[in-house]
Amino acid sequence: MCDIIKDIDFYGIKLSIIEKNVLLNHICNVVDKNEKIVIYGYSLGSFRILKKFPIMYSFAWDKADVMLVDGRGLFVIGKLLGFPFKDDLSIPKLSQEILRMANDMRYSILFLGTTADVNARATYNTRIKYKNIKVFDGIDGFFNIEDEEAIVKHINSIKPSILFIGISSPKKEEFVSRWKDSLNVNIILLCGGVIDIIAGDKRQTPNWLKK
């Protein structure tokens with residue numbers, strides 16, 4: 001683990017302590033050095049399904065390199081309890097930061113997840129908004145385990161710098177657990193409903209309402 005990221009035990013779950021700008025710089029360094037990290041996150045809503053999907057718990061400790069405090073509620077509760085969280089940086093907010101950074105640095109991305117139609121709209125919207133990003137045609141999330149090897153081979157053939165995975169739990173955790181070491185990408189971001197937001201099908205909660 002990079003020494004700029006401090007992992008803590010938050011009542012049995014892993015969370016990372018890192019400032020936003022430090023994380024973004026770290027992501028740039030990972031891409032530039034052709035390394036690999038997995039970014040994941042817990043929100044308050046995650047706690048109610050950890051028991052139902054135990055892989056969400058083990059995934060954080062075994063596979064995730066950065067564990068975000070994903071959501072205002074968990075961030076505030078953690079601060080009130082005295083935990084040294086740095087920035088209120090949810091997965092949707094980080095996704096937008098990564099897209100802006102990818103545009104500045106001319107990185108490439110691929111969306112894996114949601115329906116083919118929503119994925120295509122997210123891909124199109126990103127191409128229109130971020131002219132300097134190489135946005136590969138996406139892959140929908142409705143595949144079987146038998147399809148995964150071919151999907152990984154395709155991803156590796158085009159080598160996107162950043163892979164957004166917007167598939168429901170526990171499928172996305174299972175997919176990354178099986179294929180993390182084989183995927184020829186630099187940043188693997190498990191991003192929940194972010195692809196739907198980029199496609200325009202969902203709206204991100206405004207900051208004033210979260211606060």
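Because only heavy atoms are used, hydrogens play no part in the values below, and waters and symmetry mates are left out as well, while side chains stay in.
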>> Test of understanding: clusters of I, L, V, M, F, W, Y form through side-chain heavy atoms closer than 4.5 Å, transitively. Do Val38 and Ile91 belong to the same one?
In response: no
> Where the side chain of Asn103 meets the backbone of Leu99, is there a donor-acceptor pair that is under 3.5 Å apart?
Replying inline: no
> Which value, rounded to the nearest 0.5 Å, describes the distance between Leu24 atom CG and Glu97 atom CD?
Replying inline: 5.5 Å
> Asp70 side chain to Ser90 main-chain N or O, any donor-acceptor pair under 3.5 Å?
Replying inline: no
> Could you give the distance from CD1 (Ile18) to NZ (Lys6), rounded to the nearest 0.5 Å?
Replying inline: 13.0 Å
>> My understanding is that only residues two or more places apart in sequence, or in another chain, count here; which of them pass side-chain hydrogen bond (donor to acceptor under 3.5 Å, both in side chains) with Asp181?
In response: none
>> Go through it in stages, so that I can follow the logic: the residues are Val69 and Phe10, the test is side-chain contact (heavy atoms from CB on, under 4.5 Å), and I'd like the CA-CA distance, side-chain angles, deciding distance and then a yes or no.
In response: CA-CA 10 Å; Val69 181; Phe10 182 84; over 6 Å; no
> Out of Leu23, Asp87, Leu189, which one pairs with Leu68 under the side-chain contact (heavy atoms from CB on, under 4.5 Å) rule?
Replying inline: Leu23
>> Can you confirm if the aromatic rings of Tyr130 and Tyr107 lie within a centre distance of less than 6.0 Å?
In response: no
> Asn132 and Asp104: side chain to side chain donor-acceptor pair (under 3.5 Å), yes or no, with the steps?
Replying inline: CA-CA 7 Å; Asn132 295 328; Asp104 292 339; 6.0 Å; no
> Rounded to the nearest 0.5 Å, how far does OH of Tyr57 lie from CD1 of Ile49?
Replying inline: 15.5 Å
>> Once you measure the plane-to-plane angle for Phe175 and Trp179, does it fall in the parallel (<30°), tilted (30-60°) or perpendicular (>60°) bin?
In response: tilted
> Where do Thr126 and Ala122 come nearest, in terms of heavy atoms and distance?
Replying inline: OG1-O, 2.8 Å
>> Please find the pair of heavy atoms, one from Cys28 and one from Met105, that lie closest to each other, and give the distance.
In response: SG-CG, 4.3 Å
>> Which heavy atom of Val118 sits nearest to which heavy atom of Ile195, and what is that distance?
In response: CG1-O, 4.3 Å
>> Using a 3.5 Å distance criterion without hydrogens, assess whether the side chain of Asp7 forms a donor-acceptor pair with backbone atoms of Lys14.
In response: no
> Distance from Lys129 atom NZ to Ile198 atom CD1, nearest 0.5 Å?
Replying inline: 9.0 Å
>> Under a 3.5 Å distance rule, please check whether Asp147 uses its side chain to pair with a backbone N or O of Asn144 as donor and acceptor.
In response: yes
>> According to salt bridge (charged side-chain N to carboxylate O under 4.0 Å, His left out), does anything in residues 130-140 pair up with another residue at least two apart or in another chain? List the pairs.
In response: Arg127-Asp137
> Same cluster or not: are Leu74 and Met56 linked, directly or through other Ile, Leu, Val, Met, Phe, Trp or Tyr residues, by side-chain heavy atoms under 4.5 angstrom apart?
Replying inline: yes
>> Looking at Ile139, is its backbone amide N or carbonyl O close enough to the side chain of Asn119 to form a donor-acceptor pair, meaning the two atoms are under 3.5 Å apart?
In response: yes
>> Test side-chain contact (heavy atoms from CB on, under 4.5 Å) on Val66 and Ile27; report intermediate values, then the result.
In response: CA-CA 10 Å; Val66 179; Ile27 289 170; over 6 Å; no
> Does NZ in Lys63 sit with more than 12 non-hydrogen atoms of other residues, nucleotides or ligands closer than 6.0 Å?
Replying inline: yes
> Looking at Lys171 and Gly141, what are the two nearest heavy atoms and their distance?
Replying inline: NZ-O, 2.8 Å
>> Could you go through Phe83 and Ile17, starting from their C-alpha distance and side-chain angles, then the distance that decides it, and tell me whether this counts as side-chain contact (heavy atoms from CB on, under 4.5 Å)?
In response: CA-CA 9 Å; Phe83 286 87; Ile17 305 298; 5.9 Å; no
>> Can you confirm whether Arg100 is buried at CZ, in the sense that more than 12 heavy atoms of other residues, nucleotides or ligands lie under 6.0 Å from that atom?
In response: yes
>> Is it the case that the side chain of Asn125 and the backbone of Ala199 share a donor-acceptor pair, with hydrogens and angles ignored and the cut-off at 3.5 Å?
In response: yes
> To the nearest 0.5 Å, how far apart are CD1 in Ile39 and CG in Leu94?
Replying inline: 5.5 Å
> How are the rings of Tyr40 and Phe59 set relative to one another: parallel (under 30°), tilted (30 to 60°) or perpendicular (over 60°)?
Replying inline: perpendicular
Anything under 3.5 Å between a donor and an acceptor, one on a side chain of residues 158-170, the other on a protein residue two or more places apart or in another chain? List them.
residue, atom, partner, partner atom, Å
Ser161, OG, Ser108, N, 3.4
Ser161, OG, Ser108, OG, 3.3
Ser169, OG, Lys172, NZ, 2.7
Ser169, OG, Glu173, OE1, 3.3
Ser169, OG, Glu173, OE2, 2.8

> Do Val176 and Leu112 share a hydrophobic cluster, counting only Ile, Leu, Val, Met, Phe, Trp and Tyr and linking them when any side-chain heavy atoms are less than 4.5 Å apart?
Replying inline: yes
>> If you count every heavy atom of other residues, nucleotides or ligands that lies below 6.0 Å from Phe143 atom CZ, does the total exceed 12?
In response: yes
> What heavy-atom pair brings Ile55 and Glu174 nearest, and what distance separates the two atoms?
Replying inline: CD1-CG, 3.5 Å
> When rounded to the nearest 0.5 angstrom, what is the spacing between CD1 in Ile155 and CZ in Phe136?
Replying inline: 11.0 Å
>> For Glu149, I'd like to know if atom CD has over 12 heavy atoms of other residues, nucleotides or ligands within 6.0 Å.
In response: no
> Do any N or O atoms from the side chain of Lys180 and from the backbone of Lys36 form a donor-acceptor pair under 3.5 angstrom?
Replying inline: no
> Yes or no on side-chain contact (heavy atoms from CB on, under 4.5 Å) for Ile4 and Asn25, after CA distance, side-chain angles and deciding distance?
Replying inline: CA-CA 11 Å; Ile4 64 172; Asn25 287 335; over 6 Å; no
>> Under 4.5 Å between side-chain heavy atoms, counting indirect links through other Ile/Leu/Val/Met/Phe/Trp/Tyr residues: same cluster for Val194 and Ile98 or not?
In response: yes
